[in-house]
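Every chain is numbered from 1, with letters handed out A, B, ... down the list of sequences.
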Amino acid sequence: MPIVKIASQGKPHLWLKGFLLAILLTLFICLFFVFSAIPPLEGFAPPEYEDLPSSTDKPLFQTQFITNGKARKVHCATVVEISGGRLLAFWYGGSNTRDKDTCVYSSIFNPQNAVWSPERALISREDTQQDLDRYIKALGNPVVIKDKDSKLWLFYVSISFGGWSGSAINLTTSTDEGQTWTHSRRLISSPSCNLSSLVKGNPFFFEDGTIGLPVYHEFIGKFGELLHLDREGNVIRKSRLSWGRYSLQPVIVPITQKTGVGFMRYSGKTLPRLLLVRTTDGGVTWSHPVKVDVPNPNAAVASIRLENGVILLIHNNDEDLRCDMTLSCSEDNGNTWRAIYEFEKTEGEICEENPAGFSYPYIIRTQNGDFHLLYSWNSTHIKHVQFNLGWVEQRI
Amino acid sequence: MISVTPTITHIAGPALLLVTIILVASKHLRLPITVRGVLLLPAGCLIFIPINDLPIAIYIRGLLGDLSITTLILLFTASMSALLDRNFYTPRSFFLIMLPALTVGLFLYPFSLGFTDFDPYALGYSSKTFLAFFFAAALTAWYFNLYFLVIIIVLDISAYLMGIYESRNIWDYLIDPILTLFAFFWLIIWMIKRVVQYLSSRRQTHNVVEKARPPRDRWVPTDLTH
């Protein structure tokens, strides 16, 4: 090996040295251009609910369960609006969470007759294994978003080894409203063998059409991050929402182009309260998490902002148990909160017999102005709650 | 039946890892070079052995992900070294690869686990400051004629620019936890060897001095002899 001999003798040939320098310079110049080509964060996309109509002038509130005849346990629903005002929901289910028979299921809601279609097993762990060339033990949380070209982006978690700390995020897309999907691919967001990256909160868009994906890690540390994905779905930037061992499942609520708030599940023992972070530079940097006066029994929350600036929060209003599903509102961008409705409430033995309770809420607002809330109901069903602004305003 | 047909780029890491382990082990067992050469093919085929209908490579990739280009280069040279029975780098040049590997790993991984607000991994997407430091490090290696290090950097950047992995973060091409762990243990063993070497050389020097000096009971001051 002549190069090594030269190196070991400490007598480099000048031509070789010059040649290596030329290659190095060329590569670093290319690297500089590649780094420069990554677009700067231009802030959150403005909210598109300025002129939203209402499906009805009267307050609307209706609930139902999404069909579930295949999986014993179901969890973590996500939903997106497709053509004709229909909803396309996804969740994962199996004999148990983290079992080998877990699949990502989907179902379509027809607003004409207010009926959910029978569920379809959309992605199995074998499918994911085939696509990724990696061993997959089980599937987990999905989240979905639709871009301006009506392309659906479905992010979902898979576990290769161990528990949730051995998980990673995968991406598949559809351009025909969920009829067919591309092969899944892996999002790399951690250097530690890409261990422990999960999704839960709603993805959103930045000003330039790129995607913001709130994620969290729970391998040794438990903390939230915001991934910035380009239009091809590559992770091109990320910012840390928190650090340490006690914050999970961030939900981001953009307020203006540059400002936004994030809420996180608190997994610590002392004073279990909801965590809040803020950004004033469009998601580049985030404030240190602070606790707000909303109990959090180590459980996920969902949030959405109204056109009048009020922020709605769906959460468990208890320090220990997930025996309720409560709607709270804040008129000061998340500093103070007021509970305005209980979607669910069980007490005593019934609550203790069902520790899974009501959890993992996910909320969206459709083009007709209605809100659609999905959450896990005792881990056996996904419940769908539909309400409109009139119903909310009655309670605010 | 094997239900997954892995692509070449996906199995390169697991295949090289297994081949290197087997060849290096056979070298340490002092098997003849021809036997090591014969072992190469079955070692390479090991990754296709199915466990529960899945090739071993799929499990390794599921656990470790894609190994960094630096690790692949080191695995390749280690297996070639075992196969051809010759060293491709001196202990000094290997030390100068292991030391930065450990230093960078200790900088990168603890922070990536969320111990602080600072996330060095995020720098690997598009940070110009990181690029400047990286360029300075590469130039330093070049200036001091650490060509092996320079070649590794050249290949890492080339692979990144070609986008051969799913990641668009250059850290994933430069380093991985396996390399850091290996560097950690290699440097510990290296230090122990150096300490033992130093102590034994001191003892030898001491013995030589002791032998050269006349025994005290037989020593007689010269001025008294006259």
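Contacts between A:Ile38 and chain B at a heavy-atom distance below 4.5 Å involve the side chain alone, from C-beta outward. Neither the backbone nor the side chain of A:Ser239 comes within less than 4.5 Å of any heavy atom of chain B. For chain B, the nearby part of A:Val34 is the side chain; its heavy atoms alone come within less than 4.5 Å. Only the side chain of A:Phe223 comes within less than 4.5 Å of a heavy atom in chain B; its backbone stays farther off. When heavy atoms are compared at a cutoff of 4.5 Å, B:Phe134 approaches chain A by way of both its backbone and its side chain. Contact annotation for B:Ser127: only backbone heavy atoms (N, CA, C, O) come within less than 4.5 Å of a heavy atom of chain A.
In this structure, A:Phe19 places its CZ atom where only 12 or fewer heavy-atom neighbours from other residues, nucleotides or ligands lie under 6.0 Å away. Heavy atoms of other residues, nucleotides or ligands lying less than 6.0 angstrom from OH of B:Tyr198 number 12 at most.
Top candidate by heavy-atom pairs under 4.5 Å with chain A, chosen from B:Leu113, B:Asp117, B:Leu64, is B:Asp117.
Taking the ring centre of B:Tyr143 as origin, the terminal cationic atom of A:Lys17 falls inside the region bounded by 6.0 Å and 45° from the ring axis. Relative to the ring axis of A:Phe32, B:Lys128 places its NZ or CZ within 45° and under 6.0 Å from the centre.
Within the model, atoms CD1 of B:Ile157 and SG of A:Cys30 stand 9.5 Å from one another, a figure rounded to the nearest 0.5 Å. To the nearest 0.5 Å, atoms CG (B:Asn52) and NZ (A:Lys100) are separated by 6.0 Å. Rounding to the nearest 0.5 Å gives a distance of 5.5 Å between CZ of B:Arg61 and CG of A:Asp133. From A:Ser190, atom OG reaches atom CH2 of B:Trp171 across 13.5 Å, with rounding to the nearest 0.5 Å. One distance of note links CG of B:Asp156 with CG of A:Leu31; it measures 11.0 Å at 0.5 Å rounding.
Here the side chains of A:Leu171 and B:Glu166 are not in contact, with every heavy-atom distance at 4.5 Å or above.
At distances below 3.5 Å, at least one donor-acceptor pair connects side-chain atoms of A:Arg240 with backbone N or O atoms of B:Thr116.
Using cut-offs of 30° and 60° for the angle between ring planes, the A:Phe161 and B:Tyr59 rings count as tilted.
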